[in-house]
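Only this structure's heavy atoms are used, side chains among them; waters, hydrogens and symmetry mates stay out. Here the structure is a predicted model, which means the values were calculated and not measured. One-based numbering, in listed order, for ligands and for the atoms of each.
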Amino acid sequence: MKAIVCTHFGTPEELEFVDIPEPQPGPGEVVVRIKAAALNFFDLLIIAGKYQNKPPFPFSPASEFAGVVENVGTGVTVFKPGDRVMGSTGWGAAREAIATAGDRLVKLPDDLDFERASGLTVTYATTLYGLRERGELKAGETLVVLGASGGVGLAAIELGKIIGARVIACASSDEKLAFARSHGADETVNYTTDNLRDALKRLGGARGIDVVYDPVGGDYAEPALRSLGWEGRYLVIGFAAGEIPKIPLNLVLLKSCDIRGVLWGGWTLRDPQGQRALMQEIVRWCAEGKLSAHVHAVYPLADTANALKAIADRKVMGKIVLQP
Ligand SMILES: NC(=O)c1ccc[n+]([C@@H]2O[C@H](COP(=O)([O-])OP(=O)(O)OC[C@H]3O[C@@H](n4cnc5c(N)ncnc54)[C@H](OP(=O)(O)O)[C@@H]3O)[C@@H](O)[C@H]2O)c1
């Protein structure tokens, strides 16, 4: 079967499109024929050797996928050949089939297509865990989302609205902000043309912002933190801008506010049952049309390098999907 493999840390162009043996299921494992695999920003970091997870070579990027169960290993009772499923494995899905632990899979409702389902796990689960468990976001509170048209950013707009928050979407272009509004954002800020601090001060009013969701970092972090109100929560999601911000701690003291880390992958290892329950909510909301799981573009598997370059160039709104 065909696979994209990373044989050494480097750029998307250094990935190889090769033939590898078909996978066989071990005990408790399921082999899934992949119909769609979704990319995330962190795939760029994994292949560059800049991510917290460094898989042994050769490995395939793409941590999430949707497809059809082909066969199952001993001890697997929940899945059978022909079942439509989706899952997330950290890496390894940029290939035609994958063997993975059965407990990392979720069955798909009939009306959820493979392309949208493939990109549903990482972004929405990270964000629901982040906003609800770590951010304690409540109905009526104000949520600021940075990088709002990206994968996790879009999820934060949509889940923020389901929770009942007022959502302020921040992004680098008017096109991205129009996209954010069409997915539910109440207010928008273009942080390339507007001063982020002034805009959030105006939109936050006397009370200030309750929760900031930050997958970008860099120069936007400090002005966003300064916009928080009393006992506000700042959620550290990632650093797509490249630079890890350094925050003066007096700001945290003066607002009695919290800076809270969100490491979804670490949480799933500690609470797999919680993650399964969370995914059931996400799949149901998606089937009900409350979550878009918007797919920006579908690339053939052989064209994975260009798909990753589109993410690096900030050209993507929602998700990029690979089709084997
Ligand atoms: N903590 C967790 O558990 C967890 C889970 C999943 C992802 N993440 C992290 O969340 C971040 C976003 O992931 P994603 O998959 O949603 O990414 P994405 O779809 O590429 O979105 C990232 C957004 O960041 C903004 N950005 C600003 N500077 C950028 C730059 N130099 N290069 C690329 N984008 C830039 C872009 O929006 P503008 O152009 O509008 O600025 C872009 O839409 C990553 O750092 C990822 O590692 C964390």
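- Looking at R197 and E222, no side-chain N of the basic residue comes within less than 4.0 Å of a carboxylate O on the acidic one, giving no salt bridge.
- Ring geometry for F9 against F57 counts as perpendicular: the plane angle is over 60°, on a 0 to 90° scale with 30° as the lower cut.
- Within the model, atoms NZ of K161 and CG of L291 stand 14.0 Å from one another, a figure rounded to the nearest 0.5 Å.
- The pair K201-D198 fails the salt-bridge criterion, with no side-chain N (NZ, NE, NH1 or NH2) lying under 4.0 Å from an Asp/Glu carboxylate O.
- For R132 and E281, the salt-bridge test passes: some basic side-chain N is under 4.0 Å from an acidic carboxylate O.
- Within 4.0 Å of ligand 1, the residues that place a heavy atom are N40, F41, F42, V122, T126, G147, G150, G151, V152, A171, S172, K176, Y191, P215, V216, I237, G238, F239, A240, A241, V262, L263, W264, I311, A312, R314, listed by chain and number.
- Looking at E22 and R33, a side-chain N of the basic residue comes within less than 4.0 Å of a carboxylate O on the acidic one, giving a salt bridge.
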